[in-house]
Amino acid sequence: MKLTRAQFKEDFLAEIKTLYATDLSDTSALNQFIALGHLVRRYDGSNWKQTGDRYRQHDDKQVYYFSIEFLPGRLLKSNLLNLGLLDTVRQGLTELGLDFAAISAAEPDPGLGNGGLGRLAACYMDSMASLGIAGNGNGIRYRYGLFKQVFMDGYQVELPDDWLRNGNVWEIRRENKACLVRFGGNVWMQPQPDGSLKAISENTDDVWAVPYDVGMVGYHNDVTNTLRLWSAELPPSADNTTFSQARRDRIDDITKVLYPDDSNSEGQALRLRQEYFFSSAGVQSIIRHFGLHHQGVKELANKIAIHINDTHPTLVIPEMMRLLMDEHHCSWEVAWALTTQVMSYTNHTIMQEALETWPIEMFKGLLPRLYQIVAEIDRRYRVAKTPIFGEELVNRTAPLGNGQVRMAFLAVIGSHSVNGVAPLHTELLKEDVLRDLYQVYPERFNNKTNGIATRRWVQLANEPLANLIDSKIGSTWRQQPNELKTLTAYQHDAKFLKQLMAVKVQNKAALAAYIKQTLGIDIRTDAIFDVQIKRLHAYKRQLLHVFEIIREYLAIKDQPEAVEPARVHIFGAKAAPSYHYAKSIIKLINALADLVNHDPAIGDRLKVAFIPNYGVSLGELIIPAADVSEQISTASKEASGTSNMKLMANGAVSLATLDSANIDIIEAAGEANEYAFGLTAKAVYGYYQRGDYQAADFYNADPELKRILDTLIDGTIPGISTEGREIYDSLLKYNDEFFVLADYESYVQQQRQIAHDYEDQTQWQGKALANIAASGVFSADLAVARYSDDIWQVPHAKLGQ
């Protein structure tokens with residue numbers, strides 16, 4: 001939109017006066033952010049309304065993206081960028097004597113996700129709006145984010161993340177679109193005069209689902225889509241005496257926190273309530289909106305696409321069946337045909353424990369009508385498939401089995417498309433995780449490699465880099481990220497590479513200042529910034545990175561006169577509150593950091609920084625400063641990853657296993673520009689099949705590795721007697737579940753090669769540029785376009801037009 005600085009300043013001062021009845025000089029950065037947020041939303045209001053009107057007038061097919069996580073990050077700068085107002089507003093605020101960076105930092109960072117799953121959902125929302133696709137998000141408005149992570153004596157401590165303390169300037173409460181979600185009670189089928197059966201419920205535990213809508217602003221195209229987040233509240237009738245305090249608390253808990261502790265049955269029941277709550281509310285809302293503009297439901301599959309992002313929203317399948325049969329009087333056959341045509345499913349894991357299951361008795365008690373429907377899906381599946389595939393295979397793949405409701409199986413059976421998120425992951429789904437279901441439905445399986453929104457991860461997070469790219473290839477890449485490939489022409493341009501290095505140093509200085517302020521650690525900006533930022537989990541193998549730090553530390557102690565590039569190892573990661581082993585690794589990293597950072601013999605040659613409370617905003621600070629991107633999960637364990645893509649887009653080289661999208665990244669940027677190491681997925685599966693992996697063999701055969709592991713238990717690292725022994729035993733006594741020791745030698749070889757190559761900065765920046773040039777392949781715009789063409793079948797503007 002067009003806006004002069006003078007008009008903006010006038011509007012902003014008027015907003016301050018309206019909201020706070022005071023002068024600008026008497027407001028805080030938070031006040032200024034809230035006023036600016038209100039103003040930006042007002043600027044975008046006509047786009048948001050006109051977008052919805054246009055979709056309705058054209059009867060566009062609507063995509064509904066269901067995800068239990070959304071990590072949108074701070075929206076102020078993103079919305080300003082996409083509206084074309086970022087420079088105008090920044091300059092206008094400067095002229096008013098205000099600090100735009102401080103105002104931006106006053107915005108809370110919504111912790112509505114745990115990591116890649118939620119960030120992927122947010123990137124896809126950004127891309128759908130920017131491509132002009134009628135895309136809607138559907139999730140939960142958590143009162144508290146995941147948790148605020150602090151370290152006390154090196155241990156992770158979880159504090160409430162009260163991100164809504166001052167409200168959310170971007171949301172609109174739409175109480176007129178609320179709906180009722182029912183739990184528990186009794187359900188029976190009552191015969192009707194026409195011979196049909198009607199589901200009757202009584203004594204249900206009712207919850208009022210109230211939607212809060214957030215505008216998802218498209219890039220320079222006047223499109224604003226909607227992210228709808230649901231809040232659980234007391235029904236309007238709650239003022240009567242039937243609602244005890246316990247019942248009120250039970251309702252409040254549904255949207256209180258993301259991922260409640262499910263290590264006990266009470267926590268599992270709450271998680272199941274959460275999943276049904278937003279699935280039911282979302283589907284009810286979709287059907288209601290569809291009914292306002294269409295007669296009957298026969299056109300449902302032509303106008304609606306519902307996407308299941310991982311297993312958590314799988315209950316949309318039986319819920320759609322319930323609504324079509326119980327409220328729209330469809331036969332089972334018609335309801336099932338419509339449901340499977342509407343639904344598609346992305347699988348995000350090959351870890352068996354992440355393929356959700358629920359005890360049948362718990363499911364039946366909480367969701368009695370849905371259980372009837374799932375049981376009938378199970379019965380019909382068995383009747384149809386047993387004659388073809390045999391009872392044994394059908395027993396292994398049916399929605400009900402071993403006393404459990406199996407959500408991933410239900411998602412496959414109830415969808416018309418099932419995709420993995422990287423070629424290797426998709427093949428492993430076919431060959432291992434969902435092998436039996438692939439035999440039943442081979443035509444449903446396909447791959448859609450993940451992508452990232454370069455608008456946030458380059459244009460916003462790394463403005464110096466974005467401006468440098470503009471100076472060489474123009475700004476077309478900002479709308480067509482694949483144009484970044486033309487940067488390869490400058491891979492040997494010494495002047496440009498020097499400019500690229502200057503950008504990296506500028507970003508390193510910003511991160512170094514934050515680390516100094518937050519952790520009190522002084523770090524060198526000419527050091528190698530070696531970064532691992534992702535959820536703390538054993539299969540992601542932060543331990544392998546820890547062993548490298550110990551190796552470097554011991555090497556300096558042994559040969560203090562040796563000359564190597566200085567290194568800074570940077571971690572950002574949260575461990576699930578109930579994941580004891582992951583929290584022990586956090587303690588180990590912090591204890592090691594305390595040892596290394598305070599050893600005068602080490603000086604500034606080696607530093608370790610574990611930055612607490614990692615999230616989107618911290619990622620925007622860390623990623624542009626990274627030299628090395630640690631993507632070291634055990635081959636076959638990571639589905640795709642997106643931090644690997646964000647880091648490569650900012651010029652970090654990948655130190656990577658042959659896992660997930662790492663393989664695609666190595667291929668896109670060229671093997672010479674990355675550092676691949678370790679077992680292949682085939683080798684990992686070979687160990688599983690033969691049962692001949694012995695971690696102790698690697699320990700005993702490599703004196704360096706033995707010395708490193710012994711530091712966990714011999715007192716070298718103070719303060720970890722319990723955690724060190726636990727980790728040591730997990731690797732040797734319990735045989736190293738994720739093959740950390742098997743990959744140690746090849747990992748160290750590549751770390752040594754990195755140190756050698758970093759000495760030649762021209763060569764190093766050439767590798768960095770190759771990564772930036774190749775990163776456009778992993779644009780979320782391209783990924784979403786593939787979904788639209790192949791799965792959602794949504795008309796959209798082709799990229800480049």
**OP:** Could you tell me whether the side chain of Tyr259 and the main chain of Asn114 form a donor-acceptor pair under 3.5 Å?
**Re:** no
Original post:
Step by step, would you call Asp599 with Lys557 a salt bridge (charged side-chain N to carboxylate O under 4.0 Å, His left out)?
Top reply: CA-CA 10 Å; Asp599 190 331; Lys557 297 286 280 186; 2.9 Å; yes
**OP:** Return yes if a side-chain donor-acceptor contact under 3.5 Å exists between His569 and Glu552, otherwise no.
**Re:** yes
Subject >> Any donor-acceptor pair under 3.5 Å from Asn507 side chain to Val503 backbone >> reply: yes
**OP:** Apply the side-chain contact (heavy atoms from CB on, under 4.5 Å) test between Phe571 and each candidate in Ile549, Asp530, Leu536; give the one that qualifies.
**Re:** Ile549
Subject >> Polar contact flag, side-chain donor to acceptor under 3.5 angstrom, Glu638-Tyr539 >> reply: yes
Original post:
Would you call Leu618 and Tyr514 a side-chain contact if the rule is heavy atoms closer than 4.5 Å?
Top reply: yes
Original post:
Is there a donor-acceptor contact under 3.5 Å from the side chain of Asn597 to the main chain of Val608?
Top reply: yes
Subject >> side chain to side chain donor-acceptor pair (under 3.5 Å) assessment of Glu630 paired with Tyr747 >> reply: CA-CA 11 Å; Glu630 295 253 2; Tyr747 174 76; 2.9 Å; yes
**OP:** State whether the side chain of Asp729 and the backbone N or O of Lys733 hold a donor-acceptor pair below 3.5 Å, judged by distance alone.
**Re:** no
Subject >> Pairwise distance CG(Asn82) to CE(Met216) - rounded to 0.5 angstrom >> reply: 10.0 Å
**OP:** Please examine the side chains of Gln751 and Arg567, heavy atoms only from C-beta on, and report whether any two atoms are closer than 4.5 Å.
**Re:** yes
**OP:** I would like to know whether Asn613 and Lys574 meet side chain to side chain donor-acceptor pair (under 3.5 Å); could you show each step before the answer?
**Re:** CA-CA 7 Å; Asn613 206 40; Lys574 292 181 179 180; 3.1 Å; yes
Original post:
Any cation-pi pair here, Lys508 with Phe529, using under 6.0 Å and within 45°?
Top reply: yes
Original post:
Between Tyr744 and Phe547, what is the ring plane arrangement, given parallel below 30°, perpendicular above 60°, and tilted in between?
Top reply: perpendicular
**OP:** For a side-chain contact (heavy atoms from CB on, under 4.5 Å) with Leu81, tell me which candidate from Arg456, Glu463, Arg455 qualifies.
**Re:** Arg455
Original post:
Where do Gln542 and Lys534 land on the side chain to side chain donor-acceptor pair (under 3.5 Å) test, with the steps shown first?
Top reply: CA-CA 9 Å; Gln542 281 90 352; Lys534 49 184 70 242; over 6 Å; no
Original post:
Distance from Tyr614 atom OH to Ile570 atom CD1, nearest 0.5 Å?
Top reply: 11.5 Å
**OP:** Look only at the side chain of Asn662 and the backbone of Thr657, and say whether a donor-acceptor pair between them is shorter than 3.5 Å.
**Re:** yes
Original post:
Any side-chain heavy-atom pair from Leu86 and Phe100 closer than 4.5 angstrom?
Top reply: yes
Original post:
Donor-acceptor pair, Ser78 side chain versus Leu75 backbone, under 3.5 Å?
Top reply: no
Original post:
Under 6.0 Å between the ring centres of Tyr579 and His537?
Top reply: yes
**OP:** Give the C-alpha distance, both sets of side-chain angles, the deciding distance and a yes or no for side chain to side chain donor-acceptor pair (under 3.5 Å) between Asn168 and Trp163.
**Re:** CA-CA 8 Å; Asn168 179 7; Trp163 75 282; over 6 Å; no
Original post:
Any donor and acceptor pair, going by atom type alone, linking the side chain of Glu171 with main-chain N or O of Asp213 inside 3.5 Å?
Top reply: no
